[in-house]
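Each chain gets a letter, A, B and so on, in the order its sequence line appears, and its residues count up from 1.
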Amino acid sequence: MISIKNIKKSFNQVNVLNGINLDVAKGESMVVIGGSGTGKSVLLKVILGLIQPDSGEIFLEDQSLSHIGREQFLARFGMLFQGGALFDSLNVWQNISFRLVRGNGRINAKEAREIAEQKLQRVGLKPDILELFPSELSGGMQKRVGLARAIASNPEIIFFDEPTTGLDPIMAGVINELIREIVVEMGVTAITITHDMASARAIGDKVAMIHNGIVQWTGRITDLEKSNDPYLIQFLKGSSSGPIKLTS
Amino acid sequence: MTTYKAISSVLRPVGRSTLDLFQVIGKIFLFVVETLSHFLRPPYYWKELTSSIFNIGYLSLPVVGLTALFTGGALALQIYSGGARFNAESVVPSIVAIGMVRELGPVLGGLMVAGRVASSIAAELGTMKVTEQIDALKTLSTHPIKYLTIPRVLATTISLPILVAIGDIIGILGGYLVAINRLDFNGSVYLTNTINFLEIGDITSGLIKASVFGFIVAIMGCYHGQNSNGGAQGVGKATINAVVSSSVLILTANYLLTELFF
């Protein structure tokens, strides 16, 4: 469904992405892993169109994104940001229904609030927080509201950026389960960026490891432990000795 | 060779700073062009516009009003003191009026709003940038310029002339109160002199200035906010830059507009 072809990107003459190639099939949950500073988030921003690549192309169902148009592409996906990225000035239901009341085929506020309530319940939160503002929510609740916003418009593709960062292990487990359930239930294609291997194992069907701006290893989640790739082995062990050198 | 190195070490930072300055000017110019191009294209976010008018305009009224009140009073005392040196105390009402309406009202109103609003816009948008809220807007098919910049620019450009008009009246009132209580002026004569002396051109030139200053304040706040980076420190820097650049630009634009209306 999504095909990333030879994406390259550098900042101030430092190559961050050195020719990324990755295919994600329809309905598949792909987890992109890798150490800090390896370009995972840059790759996600390139796919979303937030950063322009120096070269390479991204295809959605065999059509180049440059031909589909950003607006059409954006309408088909949802995104869960690392910190939730909820709008401080809007309450919970306004955050969840943001796209519904503003995008093409917009709906009225009453319907939007009802959909927001359904999505909130889907992520395990009670409707009594609908009128609260993000600053009144805990980190875990913000993440779940962010997840509700990501699924509000029933997207075909969902991106998750470090979904468990900053959460305690129990809340991280809850978020992982929710993501897995939603991905299966909605039949969406998911791309998750994480360096949390517990999260990767819980969410993913397939894994791609990025190192030095290229896809170092890719395979099914069940093949992770069978791999002989020294980079992957070091990453999984969390060892400081191996081919991956610490930069600082 | 040593002389060359010494000259180079002095000139290089100057050259770099000059290039950086031109780069920033270029970026601000492009930001203004992009903002103006979005004015003409829907969608328009009316709810955000009304809430910005309330936050920027209505809530700035106390600070602009108090500034004008005390400035009008001080101006009356200063003009009386200066006028008394050549027996021209009677010019107090007319000079207070023209001083407030043409110059001090718009400039001080603009500077006060720059301090209050440019900083607030830069801090708000800067925080949105570092917490990925601006990226979230983009992914939700909403253009940040349309949703964040246009309502704030419109609100400030519309609100500041209204604030200045109210500030002018309060400033003249400040001068009036000081003149009748401290300088023994006759109240009705003071008001008659004020009204008879002022021309429509004096009022419109002040209001046009205020509108331009409002545009400057919002553009600087939005530009520095949306281009902030580096976490909390970056937001702080963006806030300082927004206030400093809008204040300097207000004073520069004031001179140019005064030349234009002279």
Q) So which heavy atom on B:Glu132 is nearest to which on A:Lys45, and how close? A) OE2-NZ, 3.9 Å

Q | Closest non-hydrogen atom pair, A:Arg149 against B:Ala136 | A | NH2-CB, 3.7 Å

Q. Between A:Asp161, A:Leu74, A:Leu48, which has the largest tally of heavy atom pairs under 4.5 Å with chain B?
A. A:Leu74

Q: Could you look at B:Leu137 and say if it's the side chain, the backbone, both or neither that has a heavy atom under 4.5 Å from chain A?
A: both

Q. If you draw a 6.0 Å radius around CG in B:Asp20, do more than 12 non-hydrogen atoms from other residues or ligands fall strictly inside?
A. yes

Q: Could you tell me whether B:Tyr44 atom OH has more than 12 heavy atoms of other residues or ligands within 6.0 Å of it?
A: yes

Q: Might you confirm whether atom CD of A:Glu111 has over 12 heavy atoms from other residues, nucleotides or ligands at distances under 6.0 Å?
A: yes

Q | Aromatic ring pairing A:Phe87/B:Tyr147, orientation class (parallel under 30°, perpendicular over 60°, tilted between) | A | tilted

Q. Are there more than 12 heavy atoms of other residues, nucleotides or ligands under 6.0 Å from atom CZ of B:Phe22?
A. no

Q) Could you give the distance from OG (B:Ser141) to CD (A:Gln72), rounded to the nearest 0.5 Å? A) 11.0 Å

Q.
Take a 6.0 Å sphere around CZ of B:Arg41 and say whether it holds more than 12 heavy atoms from other residues, nucleotides or ligands.
A. yes

Q: Hey, could you give me the CG/CE distance between B:Asp135 and A:Met79, rounded to the nearest 0.5 Å?
A: 8.0 Å

Q | Engaged part of A:Leu90 at the chain B interface, taking heavy atoms whose separation is under 4.5 Å | A | side chain

Q | Between B:Thr142, B:Thr131, B:Thr139, the one whose heavy-atom pairs under 4.5 Å with chain A are most numerous | A | B:Thr139

